[in-house]
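Structure first, then comments.
Just so it is clear: chains get the letters A, B, ... in the order the sequence lines come, proteins before strands, and each one is counted from 1.
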Protein chains: 2
Amino acid sequence: MDGRLARGEETRRATLARAVDIATVDGLEGLTVGRLAGELGFSKSGVFAHFGSKEELQLATVEFATQVFIDQVVRPGLRAPRGVPRLMALFELWMRFSRERVFPGGCFFSAVSAEFDARDGRVRDLVVARNRQWAGLLVAVAADAVADGQLPADTDVDQLVFEVNALGRAANEESLTTRDDTPYTRAETGVRHRLGV
Amino acid sequence: MDGRLARGEETRRATLARAVDIATVDGLEGLTVGRLAGELGFSKSGVFAHFGSKEELQLATVEFATQVFIDQVVRPGLRAPRGVPRLMALFELWMRFSRERVFPGGCFFSAVSAEFDARDGRVRDLVVARNRQWAGLLVAVAADAVADGQLPADTDVDQLVFEVNALGRAANEESLTTRDDTPYTRAETGVRHRLGV
DNA sequence: GAACTATTTGACCGAACGTTCGTATAAAAA
DNA sequence: TTTTTATACGAACGTTCGGTCAAATAGTTC
């Protein structure tokens with residue numbers, strides 16, 4: 001075990017990186033094996049062999065996006081002081097993640113959960129679970145803020161997190177339709193107002 | 001010209017009604033001519049002939065959904081007294097429209113704008129235009145509320161409408177993932193808080 | 001260098017895709 | 001009644017879909 005990736009693992013990683021990019025723009029259904037292979041310069045069967053089925057490719061893509069989100073948003077956000085500062089850090093890192101177009105279609109989970117919201121199956125279940133994890137994290141951080149007296153004792157943290165999430169998602173989506181940055185300003189204004197900072 | 005629809009217009013209407021249902025669940029790309037024909041008991045070419053291309057079918061589907069939205073949300077909402085009551089009526093009718101699953105996948109425009117947000121083309125342009133019209137309507141109604149002194153004179157109506165829209169969309173999307181009604185309660189709580197009612 | 005395993009390829013499958021075409025049928029117009 | 005027009009059909013087009021498989025290529029181990 002040296003530091004380098006095994007040969008197959010390397011192409012798998014490159015494949016998923018491209019898959020995430022495609023999925024944020026054209027959805028996890030618009031993500032096709034043939035297109036993926038074409039853009040990567042691989043053969044269709046070569047790409048396919050790494051996953052075994054389209055559904056497994058979709059699931060792996062979701063998990064890959066999850067890791068990127070954890071690396072770029074969750075982990076650095078958790079380094080901020082607990083309570084309101086941590087909540088604000090998580091929100092701002094999320095918005096930066098969307099605004100800087102780490103993925104060309106903005107936030108992966110906004111795009112994909114809207115796509116699979118009304119369906120059934122393993123992909124939907126995974127996306128819903130990841131969304132729940134994110135909301136759960138925000139609720140825990142908000143609860144800390146209440147416990148520490150940074151937010152009023154009667155704060156409804158579920159309501160607060162619902163609103164924070166709503167503003168963040170709306171900023172992501174509206175920035176894609178309007179093609180400018182003002183929605184991010186609006187979302188931050190709304191969240192700051194809600195947190196009293 | 002008697003009251004009845006021409007024969008072709010009738011099937012066109014039935015086709016679009018089904019198309020909207022499909023699109024809210026599987027998107028405007030998941031909407032295929034073959035599937036549409038199968039579910040309606042028509043031939044593929046018979047359905048296709050009404051639209052001439054897939055893109056035209058998608059555009060017609062968006063316009064059909066627009067009409068339903070106008071009939072069920074906009075028109076009755078505008079009958080409420082101007083200002084805050086009208087804004088609240090529009091919001092609540094929108095939420096009822098989503099909650100009662102007039103379309104099986106909830107709000108058509110939430111689903112479809114998320115799908116086409118990051119793309120190019122005529123369908124995206126039309127969806128964006130319809131979203132703008134809706135936001136513009138809300139802004140005008142909110143401006144009335146400010147002018148009538150129902151909202152503070154320094155109210156940022158664009159900010160207000162951004163937040164109302166964010167909460168409404170989040171309620172629609174989250175009710176689809178959680179599969180219960182509590183998101184609608186949260187959205188209404190948030191909006192009422194913002195409007196001071 | 002041989003043997004073995006991991007990786008990638010290219011040729012192929014049946015099904016579904018959007019689309020075109022010629023034709024049948026039924027209502028409306030002449 | 002004849003002619004025209006609107007409407008729907010069935011068969012087929014080329015393409016792409018997800019998926020399979022044996023053969024070739026590369027890397028590693030002996």
Side-chain angles (χ1 to χ4, degrees), chain A residues 1-20 22-23 25-62 64 112 115-116 119-124 126, chain B residues 1-19 22-23 25-62 64 112 115-116 119-124:
Chain A
M1 262 265 190
D2 56 22
R4 278 185 316 214
L5 294 164
R7 196 162 64 98
E9 192 57 32
E10 208 169 339
T11 55
R12 186 188 149 95
R13 196 171 276 259
T15 303
L16 288 175
R18 184 65 66 119
V20 174
I22 293 174
V25 176
D26 291 314
L28 279 172
E29 295 293 354
L31 170 67
T32 72
V33 181
R35 177 178 174 187
L36 203 44
E39 294 190 11
L40 289 163
F42 286 123
S43 69
K44 220 171 71 159
S45 46
V47 169
F48 190 86
H50 282 280
F51 305 98
S53 76
K54 166 121 193 211
E55 190 178 44
E56 289 297 335
L57 167 63
Q58 292 175 321
L59 293 168
T61 303
V62 174
F64 186 87
V112 164
E115 185 182 5
F116 282 85
R119 304 191 199 181
D120 292 302
R122 294 209 290 153
V123 177
R124 183 207 118 101
L126 180 60
Chain B
M1 263 262 187
D2 57 22
R4 278 183 319 210
L5 295 164
R7 196 161 64 99
E9 193 57 33
E10 208 171 339
T11 56
R12 187 188 148 96
R13 194 171 278 259
T15 303
L16 288 175
R18 185 65 66 119
I22 293 175
V25 175
D26 291 313
L28 279 172
E29 294 295 354
L31 171 67
T32 72
V33 182
R35 177 177 173 188
L36 204 44
E39 294 189 11
L40 289 164
F42 284 121
S43 70
K44 230 171 61 157
S45 50
V47 169
F48 188 85
H50 282 280
F51 305 100
S53 76
K54 166 122 191 210
E55 192 178 43
E56 290 296 336
L57 167 63
Q58 291 175 323
L59 292 168
T61 303
V62 174
F64 186 87
V112 164
E115 185 182 5
F116 282 84
R119 305 190 198 180
D120 291 302
R122 293 209 291 153
V123 177
R124 184 208 115 99

Residue pair B:Val47 / B:Val33: nearest heavy atoms and the distance that separates them = CG1-CG1, 4.2 Å

Footprint string (nucleotides 21-27 of chain C, 5' to 3'): B base within contact, S backbone only, - free, heavy atoms under 4.0 Å = B------

Of all heavy-atom pairs between B:Gln58 and B:Phe116, which one has the smallest distance, and what is that distance?
-> NE2-CZ, 4.2 Å

Could you state the atom-to-atom distance from CD of B:Glu55 to P of C:dC17 in whole Å?
-> 19 Å

Selected nucleotide, minimal atom distance to A:Phe42 side chain, candidates D:dG18, D:dA8, C:dT8 = C:dT8

Could you state the atom-to-atom distance from CZ of B:Arg12 to C1' of D:dA6 in whole Å?
-> 14 Å

Can you tell me the distance, in whole Å, between the CZ atom of A:Phe51 and the C1' atom of C:dT8?
-> 14 Å

If you check the A:Thr11 side chain, which of C:dT19, C:dT8, D:dG18 turns out closest?
-> C:dT8

Kindly say if A:Ser43 contacts the phosphate of C:dG10, meaning a side-chain N or O under 4.0 Å from OP1 or OP2.
-> no

Please name all residues satisfying salt bridge (charged side-chain N to carboxylate O under 4.0 Å, His left out) with B:Lys44, sequence neighbours left out, ordered by chain then number.
-> none

Where A:Leu31 and A:Lys54 come nearest, the two heavy atoms and their spacing | O-NZ, 2.8 Å

Rounded to the Å, how far apart are A:Glu29 CD and D:dT16 C1'?
-> 15 Å

Kindly say if B:His50 contacts the phosphate of D:dA8, meaning a side-chain N or O under 4.0 Å from OP1 or OP2.
-> yes

Taking only residues two or more places apart in sequence or in another chain, which ones pass salt bridge (charged side-chain N to carboxylate O under 4.0 Å, His left out) with B:Arg18?
-> B:Glu39

Rounded to whole Å, CZ of A:Phe48 lies from P of D:dT20 at a distance of 6 Å

Atom CD of A:Glu56 and atom P of D:dG18: how far apart are they, to the nearest Å?
-> 15 Å

Report the distance from atom CD of B:Glu9 to atom P of D:dA8, rounded to the nearest whole Å.
-> 11 Å

Can a donor-acceptor pair under 3.5 Å be found between the side-chain atoms of B:Lys44 and the base atoms of D:dG10?
-> no

Quick one: does A:Lys54 reach the base of D:dG19 with a side-chain donor-acceptor pair under 3.5 Å?
-> no

Residue met sooner reading DNA chain D from 5', once A:Gly34 and A:Gly52 are mapped to nucleotides = A:Gly34

Between A:Thr11 and A:His50, a side-chain donor and acceptor under 3.5 Å | yes

Separation of D:dC17 C1' from A:Leu57 CG (nearest whole Å) | 13 Å

Criterion salt bridge (Lys or Arg N to Asp or Glu O under 4.0 Å) on B:Glu115 and B:Arg124, from CA distance to verdict = CA-CA 9 Å; B:Glu115 185 182 5; B:Arg124 184 208 115 99; over 6 Å; no

